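Following: one structure in C-alpha cells, then a few remarks.
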Number of protein chains: 2
Amino acid sequence: MLRITKQSDYAIVLMTHITSSEDRWLNASELATQAGLPQPIVSKILKLLTRGRLLESQRGVKGGYCLARSAARITVAEIIEALEGPISVTECVEESPGECTQEAFCPVRGNWQRINHVLRDALSEITLEEMARPSTPALVTLGSREMAPDVTAR
Amino acid sequence: MLRITKQSDYAIVLMTHITSSEDRWLNASELATQAGLPQPIVSKILKLLTRGRLLESQRGVKGGYCLARSAARITVAEIIEALEGPISVTECVEESPGECTQEAFCPVRGNWQRINHVLRDALSEITLEEMARPSTPALVTLGSREMAPDVTAR
DNA sequence: TTAAATCGGACCACAGCGGTCCTGTTTTCT
DNA sequence: AGAAAACAGGACCGCTGTGGTCCGATTTAA
C-alpha cells in the first residue's frame with residue numbers, strides 16, 4: 001500500500017513517451033497505441049495533465065499534446081499532483097483545525113508534517129527526464145536534506 | 001493523496017500511547033479512552049498490530065497489550081505494513097511477470113523500484129520512539145542514502 | 001463544409017476502506 | 001467451579017473513490 005493511483009502510474013508512462021518524441025505533437029490515439037492502453041483512459045489522463053499545466057494541447061485536425069516545458073523541469077511529484085491533488089501521507093495536515101478529535105494534543109502531528117515534506121520533496125527531486133531514461137544513473141539521491149529547523153545529528 | 005489509511009494513522013497514535021506508559025499492560029478500552037477513538041476500531045487495530053509482531057497481548061481479566069520490543073526498534077514502516085501490507089508506490093513491482101501490458105519494455109519500471117525503496121527506507125528510518133516525542137529533534141534526516149548501485153553525484 | 005481532434009462533463013461498476021458486531025477462547029478472581 | 005473480563009477471529013455492511021466508458025460541444029485544418 002501507500003500506492004499512487006493507477007492513473008498516475010499511466011500518466012508517468014505517457015509523459016515519458018511524449019518526452020521521447022518531443023519534436024512533434026502526439027495525439028491521444030497515437031499515445032494509446034504506443035503505451036498499449038485503452039484510448040479513452042489515455043484521453044482522460046492527458047486532459048488532466050493539460051489542466052495541471054504539464055502538457056500543452058492543440059485542438060483540431062493536426063492537434064495533439066506536447067510538454068509544456070522541458071522534461072528536466074517537470075517532476076514526478078507534479079505529475080502525481082496533477083492527477084490526485086496535493087501529496088500528503090496523512091489526513092491530519094494543512095491547518096484544518098477542529099478535526100483531530102479536538103485539540104492539537106495529538107503527539108504525532110508535527111512529525112507527520114515533516115514526513116510529508118520529506119516524501120513530497122523526494123518525489124519533487126525526480127524529474128521526468130530521469131524517468132524517461134530506461135536505466136537512470138543519478139536518481140533519488142535525496143542526500144543531506146533536512147526537514148526540521150532544529151535537526152541534530154543522529 | 002498518496003495517503004496511508006486512517007487505520008494506520010490511528011495505529012501510530014495508539015502505539016505512541018502504549019510507548020508513553022510502557023510499564024504496564026493497557027487494554028483496548030483504556031487505549032480507546034486515551035486516544036479518543038471508538039473502542040471497536042481500537043480493538044481491531046490492536047489485533048492487527050499483534051499479528052504483525054509489534055505488540056504482545058495478554059488474554060484474560062488482567063490482560064491487555066504492550067510493546068513487543070523497545071520503541072526505538074519499532075519503525076513507522078513496520079506499523080504501516082502491519083495494517084496495510086507491504087509498502088509499494090506502484091503496482092508494477094516485485095516480480096509479477098506478464099502483467100505490465102506484456103513485456104518489460106516499460107521504461108519507468110526500474111526507476112519505480114528505486115523510488116519504492118527510497119520511500120520505504122525513509123519510513124523505516126523513523127522509529128516509534130521518535131514519533132512518541134512531541135517535537136522530535138532528529139527526525140527524517142534521510143541524508144546520504146543511495147539506492148542505485150551505480151548512483152553518480154548530481 | 002467536413003473530418004479530426006481536444007474539452008468538459010455525466011455516468012456506472014466495483015474494490016477497498018471504515019466501522020460494527022458476534023461468537024469463541026483464555027485468564028483471573030471469588 | 002463458576003463468572004467476569006479481556007483478547008482472537010471472523011462475518012458483515014455502507015460508502016467513498018477509483019477505474020473506465022461514453023457523449024455532446026468546440027476548435028482547427030483541409
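FYI, side chains are in, hydrogens and waters are out, and symmetry mates aren't considered; it's all heavy atoms of this structure. Throughout, protein chains are lettered first and strands after them, A, B, ... in sequence-line order, and every chain is numbered starting at 1. None of the values given here were measured: they were computed from a predicted structure.
- With distances taken from any side-chain atom of B:P38 to the nucleotides D:dA8, D:dG10, C:dT20, the minimum falls on C:dT20.
- Atom CD of B:E84 is separated from atom C1' of C:dG16 by 11 Å (rounded to the nearest Å).
- For the pair B:E30 CD and D:dA6 P, the interatomic distance rounds to 8 Å; values are reported in whole Å.
- Computed from coordinates, the A:K47 NZ to D:dC23 C1' distance equals 10 Å when rounded to whole Å.
- The nearest whole Å value for the distance from the CD1 atom in B:I45 to the C1' atom in D:dC7 is 15 Å.
- The stretch residues 54-63 of chain B touches DNA chain D through B:S57, B:Q58, B:R59, B:G60, B:V61, each having a heavy atom within less than 4.0 Å of the strand.
- Using a 4.5 Å heavy-atom threshold, the side chains of A:Y65 and A:V42 count as separate.
- Comparing atom distances between the A:Q7 side chain and each of D:dG19, D:dG10, C:dT20 picks out D:dG19 as nearest.
- Between B:L119 and A:L119 the shortest side-chain heavy-atom distance falls below 4.5 Å.
- Using a 4.0 Å heavy-atom criterion, one finds that B:K6 contacts the sugar-phosphate atoms exclusively.
- When the P atom of C:dG8 is taken as reference, atom CG of A:L48 falls 10 Å away, rounded to whole Å.
- To the nearest angstrom, P of D:dG19 lies 11 Å from CE of B:M1.
- You'll find that the side chain of B:P40 is closest to C:dT20, out of C:dT20, D:dC7, C:dG8.
- Taking all atoms of both residues into account, the shortest heavy-atom contact from B:I74 to B:L54 is CD1-O, 3.9 Å.
- In this structure, the CG atom of B:N27 is 18 Å from the P atom of D:dA4, given to the nearest Å.
- Close to D:dA6, at under 4.0 Å from its OP1 or OP2, lies no side-chain N or O of B:Y65.
- A continuous path of Ile, Leu, Val, Met, Phe, Trp and Tyr side chains, each step under 4.5 Å between heavy atoms, connects B:L48 with B:L46, placing both in one hydrophobic cluster.
- Between A:R3 and the phosphate of C:dA15, there is no side-chain N or O to OP1/OP2 separation shorter than 4.0 Å.
- Using a 3.5 Å distance cut-off with no hydrogens or angles, the side chains of B:T16 and B:T19 do not pair a donor with an acceptor.
- Between B:K44 atom NZ and D:dA11 atom C1' the separation is 10 Å, expressed in whole Å.
- Salt-bridge formation is detected for the pair A:E78/A:R69: a Lys NZ or Arg NE/NH1/NH2 atom is positioned less than 4.0 Å from an Asp or Glu carboxylate oxygen.
- Taking only side-chain nitrogens and oxygens, A:Y10 never comes nearer than 4.0 Å to OP1 or OP2 of D:dG19.
- Among the nucleotides C:dA5, C:dC17, D:dG19, the one closest to the side chain of B:T5 is C:dC17.
- Comparing B:A28 and A:Q39 along DNA chain D, the residue whose closest nucleotide (by nearest heavy atom) sits nearer the 5' end is B:A28.
- With 3.5 Å as the limit, one finds no donor-acceptor pair spanning the side chains of A:R73 and A:T127.
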